[in-house]
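Below is one structure, written out as structure tokens; comments come after it.
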Amino acid sequence: MKNLRDLLEDLEYQCIQGTLDKEITAVIYDSRKAEKDGLFVCVKGAVSDGHSYAAEVVQKGVSVLVVQDLVQVSENVTVIQVEDTRYALACISAAWFGHPAEKLKTIGITGTKGKTTTTYLIKSILENAGHKTGLIGTIETIIGEEKIPSANTTPESYLIQEYFAKMVEAGCDSVVMEVSSQGLMLHRTSGFTFDIGIFTNIEPDHIGPNEHKDFDDYLHCKSMLFRQCKVGIFNGDDPHLERILEGHTCQAETFGFSEKADLRAGNTRLVTGKGTLGIAYDVKGLMDFPVEIDLPGKFSVYNSLTAIAVCRHFGVTVENIQRALKNAHVKGRIEMVKVSDDFTLMIDYAHNAMSLESLLTTLKEYKPNRLVCLFGCGGNRSKIRRYEMGEVSGNLADLTIITSDNPRNEDPQAIIDDIKVGIGRTKGKYVEIIDRKEAIAYAIHHGQPGDIIVLAGKGHEDYQEIKGKKYPMDERVLIREILEEDSRK
């Protein structure tokens with residue numbers, strides 16, 4: 001139990017009715033979890049408004065309501081009015097868990113691309129140097145040995161604080177997390193100050209009725225992180241850097257290829273091995289040493305350079321950085337799976353035209369014998385995405401293998417037919433195989449020396465969604481099964 005006054009200490013508020021001298025048993029923002037002597041925060045959501053559940057939670061015994069709008073409840077209930085209940089939830093949650101962020105070095109990463117990979121690279125380097133590091137991101141939350149699958153890139157503020165508290169309890173000294181524009185806009189990361197904030201890049205994305213009204217709003221939300229961190233590390237090559245820097249309150253430093261960047265990458269070289277692709281470069285500026293990573297492409301330089309820029313603030317040695325980057329891998333992000341010395345097979349989450357084009361363009365730089373792209377598109381989603389992805393693959397891949405992704409409530413063949421409309425605008429060759437395991441087997445069995453084969457779209461996902469139900473399906477498992485079946489023939 002905690003005293004109500006202590007939970008409200010970082011908030012500007014008005015006590016509309018009742019007393020502040022109350023002991024609180026729980027902080028709640030989901031009416032279904034209401035309990036006696038709990039504090040309920042009336043959050044306005046996209047689907048429902050917590051204010052409409054005020055009477056219901058009071059009947060269940062809630063003794064304190066935190067509101068934006070006035071509500072009518074019995075006089076023995078304390079009503080606290082604030083300007084923004086989402087912000088209030090973040091501050092109250094931090095106090096409820098004893099301000100765990102103050103016991104951790106907190107690192108937040110925002111940007112359109114690169115967040116997921118960069119969080120894992122930072123975690124890899126820090127742990128290689130002896131730091132116990134938690135992670136919160138798109139794929140999962142990692143607390144010591146525990147892994148919790150993610151529902152959102154940036155969880156609700158209460159969950160973030162709960163995770164931080166568990167990390168402290170597990171002996172973590174640091175945490176790296178993805179910070180989405182939605183998370184910033186909805187104050188999920190309020191209630192504490194990041195030690196380090198990172199800006200990777202920004203491109204038009206997440207624009208729509210349920211996310212950001214326009215690119216300016218998207219950009220503004222990304223920039224909010226840099227009024228909530230002590231040190232800001234920015235991609236100096238991004239054309240929108242000045243806009244992101246507007247109003248920043250943090251100490252700023254930059255990374256990139258530009259000579260003006262504080263930490264620079266130069267002398268980049270493509271690296272190829274037996275069934276692997278990578279890149280090497282020289283770090284210049286604030287640090288000076290060579291790096292080689294088993295991840296392909298220019299974006300891998302940016303991601304690893306970001307990680308180096310962060311870990312410099314932890315005093316990590318050059319040797320630890322080099323060793324950790326060489327061994328770092330991220331599930332479902334240009335994840336190479338060894339099946340042959342003759343060709344390269346990789347899994348990647350690229351699931352829209354922009355990410356697929358970026359990936360295939362990067363892989364063509366390695367001058368493969370053939371570039372083979374296997375992908376499908378999700379059901380009950382935009383047909384335009386299908387046309388665009390079909391056109392991108394038709395233009396860039398030597399062979400496209402069209403298959404099923406998450407058909408949901410659509411006929412898989414109808415989705416494939418839409419993809420074929422896009423490929424039909426190109427001269428690209430393709431085959432269609434509805435069953436994804438059969439399609440992967442086809443790709444492996446027809447692999448030729450020097451090929452690069454990409455399984456795109458599923459990435460870290462380990463399921464396939466069909467008619468409202470999720471069925472287990474992990475491409476790593478499928479590949480293993482295919483190879484085992486081949487060995488028995």
Exercise for the section: Apply side chain to side chain donor-acceptor pair (under 3.5 Å) to the pair T138 and T153, showing each step before the final yes or no. Expected result: CA-CA 4 Å; T138 301; T153 295; 3.1 Å; yes
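- Using a distance-only test at 3.5 Å, with no hydrogens or angles considered, no donor-acceptor pair links the side chain of E438 to the main chain of I433.
- Closest of all the heavy-atom pairs between S190 and A90 is O-CB, 3.4 Å.
- When atom types are taken as modelled, the side chain of K2 and the backbone of W96 share a donor-acceptor pair closer than 3.5 angstrom.
- Between K60 and E56 there is a salt bridge, with a side-chain nitrogen of the basic residue lying less than 4.0 Å from a carboxylate oxygen of the acidic one.
- Scanning both residues, N409 and G468, for their nearest heavy atoms gives OD1-N, 3.8 Å.
- Without hydrogens or angle criteria, S223 side chain to H220 main chain gives a donor-acceptor distance under 3.5 Å.
- Within the 4.5 Å cutoff, the side chain of L356 has no heavy atoms near those of the H351 side chain.
- Remark: side-chain polar atoms of H131 are not paired, donor with acceptor, to backbone N or O of A129 under 3.5 angstrom.
- Comment: K383 does not engage E388 in a salt bridge, judged by the lack of any side-chain N to carboxylate O separation of less than 4.0 angstrom.
- In this structure, F226 and F234 have tilted ring planes: the angle between them lies in the 30° to 60° band.
- Without hydrogens or angle criteria, N320 side chain to V316 main chain gives no donor-acceptor distance under 3.5 Å.
- Contact check for L39 versus V41: side-chain heavy atoms found under the 4.5 Å cut-off.
- The two atoms that bring C172 and G134 nearest to each other are SG-N, 3.9 Å, heavy atoms only.
- A salt bridge does not link K458 with D348: every distance from a Lys NZ or Arg NE/NH1/NH2 to an Asp or Glu carboxylate oxygen is 4.0 Å or more.
- Here the closest non-hydrogen pair linking R386 and G378 is NH2-O, 3.2 Å.
- For N235 (side chain) and T200 (main-chain N/O), a donor-acceptor pair under 3.5 Å exists by modelled atom type.
- Side chains of T25 and E35: a donor on one and an acceptor on the other come within 3.5 Å.
- Judged by distance alone, with hydrogens and angles left aside, the side-chain atoms of D474 form a donor-acceptor pair with the main-chain N or O of R476 at under 3.5 Å.
- Counting non-hydrogen atoms of neighbouring residues, nucleotides and ligands closer than 6.0 angstrom, the CD atom of E23 exceeds 12 such neighbours.
- Side-chain atoms of E253 and H313 include a donor-acceptor pair closer than 3.5 Å.
- H460 pairs with exactly one of E475, K331, E335, R333 by the side-chain hydrogen bond (donor to acceptor under 3.5 Å, both in side chains) rule, that one being R333.
- M389 approaches C377 most closely through the heavy-atom pair SD-SG, 3.8 Å.
- A salt bridge is absent between D435 and K437; no separation between the charged side-chain nitrogens and carboxylate oxygens falls under 4.0 Å.
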Practice task
Decide side chain to side chain donor-acceptor pair (under 3.5 Å) for Y302 and D237; before the verdict, give the C-alpha distance in whole Å, the side-chain angles of both, and the deciding distance to 0.1 Å.
Solution key: CA-CA 10 Å; Y302 277 117; D237 298 339; 2.6 Å; yes
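- Salt-bridge annotation for D21 and R5: present, with a side-chain N of the basic residue lying under 4.0 Å from a carboxylate O of the acidic one.
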